[in-house]
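See below for the structure under consideration.
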Amino acid sequence: MTDNPSDMPSEAGWDRSLALLREGYTFLPRRFRQYRSRVFESRIMLERSLCLQGAEAVRFFYQPDAFTRKAAIPPTTLKLLQGRGSVQTLDGAAHRHRKAMFMSLMTPASRARLIEVFSEEWLRRLNRWQAEESVQLLTEAEDILCRAACRWAGVVLPEEEAQSFGRDLAALIEGAGSIGPRNWRGLMSRWRADRRLRAVITDIRRSGREADTPAKVIALHRDLSGKLLDVATAANELNNILRPIVAIARFIAFGALALHDHPAWRERLAKGDDAELEAFTHEVRRYYPFFPAIAGRANTPTAFTGCPIPMGRRVIVDIYGSHRDIGAWQQPERFLPERFLNADIPDAFLPQGGGDHFTGHRCAGEWITIDVVKAAIRHLTTSMRYEVPPQDLTVSLRRMPAKPESGFIMSRVRSVEAMV
Ligand code: HEM
């Protein structure tokens with residue numbers, strides 16, 4: 001392990017961005033292994049960047065106010081994900097103030113309401129699935145989640161627009177980890193989604209709608225100087241709760257894959273033990289690849305295990321590799337939900353960031369994600385029966401964001417209710 005600056009491995013030569021795109025989730029872990037170090041320097045996205053892995057790196061990176069997310073990721077990725085002027089691009093008091101607004105949408109009652117509409121949409125769709133020969137879970141879950149998210153947030157969509165809006169939000173996620181056509185499609189979707197959501201914000205402000213929906217909370221939020229957010233920023237923040245809810249479809253598809261690969265767990269979960277369901281959900285978020293890494297820039301000069309980090313230096317924390325780190329996990333290559341039963345959650349677990357939800361940049365929607373994945377797994381194990389026909393269920397580590405290749409196809413879907 002590297003403990004002093006002179007030992008820090010450094011990749012000399014050319015920029016490694018193309019290698020990163022080619023190697024996907026394996027880019028960082030491969031180099032940590034090769035250098036036998038939890039820190040190395042490389043030139044990525046045209047800039048010297050320090051790459052870190054493991055529990056100590058997570059604790060270091062998530063020290064309060066240590067790293068800004070400003071200009072830390074390429075503009076094309078930022079545009080498809082959090083967007084300019086979003087909570088993620090803020091720091092200090094301005095960040096905490098905006099983050100408090102997001103966290104006010106994450107109360108137990110608000111989360112329960114989302115799960116209620118999610119389950120209604122799922123069961124409605126289940127009726128339709130019974131008439132189909134087969135369905136693809138990933139795209140179906142994206143559509144269900146878009147409808148549920150809009151109902152929960154108070155974004156009213158005519159039926160004929162609901163599906164295309166869901167597709168646009170899904171295209172933002174699909175395009176974020178790539179260059180070329182997938183990214184361009186995402187940019188077009190971004191333009192359409194922005195236009196639609198700006199109209200929603202303007203309408204709420206004009207009509208002064210009564211119900212306290214998340215969309216209204218965002219539309220009427222005031223910054224620290226008491227001013228409403230400009231319409232584009234408010235629409236962007238509304239997108240920042242809708243799009244990531246649609247993104248949960250990936251964890252649902254991975255959850256279905258895990259049930260398929262581990263039938264003993266399907267039986268265990270059908271008994272409805274909440275602690276087991278939660279452990280299974282955490283293991284799905286650990287085991288399967290989603291966000292590969294988190295990037296930030298040092299707010300002040302600092303050092304990691306003796307390696308100096310000048311102010312402004314980009315630091316990249318490896319999520320996928322930290323989830324497979326043998327220093328933090330026993331048998332990390334195996335899918336073992338038991339590891340989360342009656343055990344503290346290790347610091348090296350950061351599928352949605354680390355640190356504090358309220359004061360740091362940790363994902364505002366982590367609790368919602370856990371709730372939704374649990375609800376979906378509950379439906380897959382108790383509300384329905386289905387077959388898994390032959391298909392390509394491989395998960396390519398070169399494709400970001402990853403997914404089961406076939407999107408997880410289910411056939412002969414039957415509602416348990418219809419069977420009794
Ligand atoms: C689908 C699963 C999700 C994944 C994998 C995910 C992942 C992440 C990650 C890695 C971060 C960055 C943390 C950092 O910069 O340190 C983040 C931030 C964020 N996420 Fe999520 N997220 C998910 C779902 C959600 C949901 C459902 C919502 C809202 C309903 C949400 C809203 C946000 C917001 C607002 C931020 C910015 C927080 C800040 O900068 O303070 N995410 N998420």
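Atoms within each ligand, like the ligands themselves, are counted from 1 in listed order.
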Practice task
Report yes or no: is the cationic atom of Arg22 (NZ for Lys, CZ for Arg) under 6.0 Å from the centre of the six-membered ring of Phe27, at an angle within 45° of the ring normal?
Solution key: no
Exercise for the section: Would you verify whether the NZ or CZ of Arg59 falls within 45 degrees of the ring axis of Tyr62 while also being under 6.0 Å from that six-membered ring's centre? Expected result: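 Ring-cation test returns no.
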Completion exercise
Honestly, for Arg285 the part within reach of ligand 1 (heavy atoms, under 4.0 Å) is neither
Of the protein's non-hydrogen atoms, which lies at the shortest distance from [atom], and what is that distance?
atom	value
atom 29 (C) of ligand 1	Gly365 CA, 3.7 Å
atom 38 (C) of ligand 1	His361 O, 3.5 Å
atom 25 (C) of ligand 1	Pro244 CB, 3.2 Å
atom 30 (C) of ligand 1	Ile241 O, 3.6 Å
atom 21 (Fe) of ligand 1	Cys363 SG, 2.3 Å
atom 34 (C) of ligand 1	Gln82 NE2, 3.6 Å

Quick one: does [X] get within less than 4.0 Å of ligand 1, heavy atoms only?
X	result
Arg250	no
Phe61	no
Ser86	no

Practice task
Just say parallel, tilted or perpendicular for the rings of Phe60 and Phe304, cut-offs at 30° and 60°.
Solution key: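 Ring orientation, 0 to 90° scale: tilted.
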Quick check against the 3.5 Å criterion: does [X] have a side-chain atom that pairs as donor or acceptor with the backbone of [Y]?
X	Y	result
Tyr288	Glu283	no
Arg43	Leu46	yes
Glu161	Pro158	no
Lys99	Arg362	yes
Thr77	Ile73	no
Ser415	Met384	no

Ligand 1 N/O within reach of [X] N/O, cut-off under 3.5 Å:
X	result
Arg362	no
His95	yes
Lys99	yes

Practice task
Check the surroundings of atom CZ in Arg30: do more than 12 heavy atoms from other residues, nucleotides or ligands lie under 6.0 Å from it?
Solution key: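 Yes - once you tally the heavy atoms of other residues, nucleotides and ligands closer than 6.0 Å, there are more than 12.
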Exercise for the section: Measure the shortest side-chain to side-chain distance between Asp261 and Leu393 over non-hydrogen atoms and say whether it is less than 4.5 angstrom. Expected result: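 Not in contact.
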Contact atoms of ligand 1, heavy-atom distance to [X] under 4.0 Å:
X	answer
Ala247	1 (C)
Gly360	41 (O)
Tyr62	13 (C), 14 (C), 16 (O)
Phe102	35 (C)
Asn240	29 (C), 32 (C)
Ile248	1 (C), 27 (C)

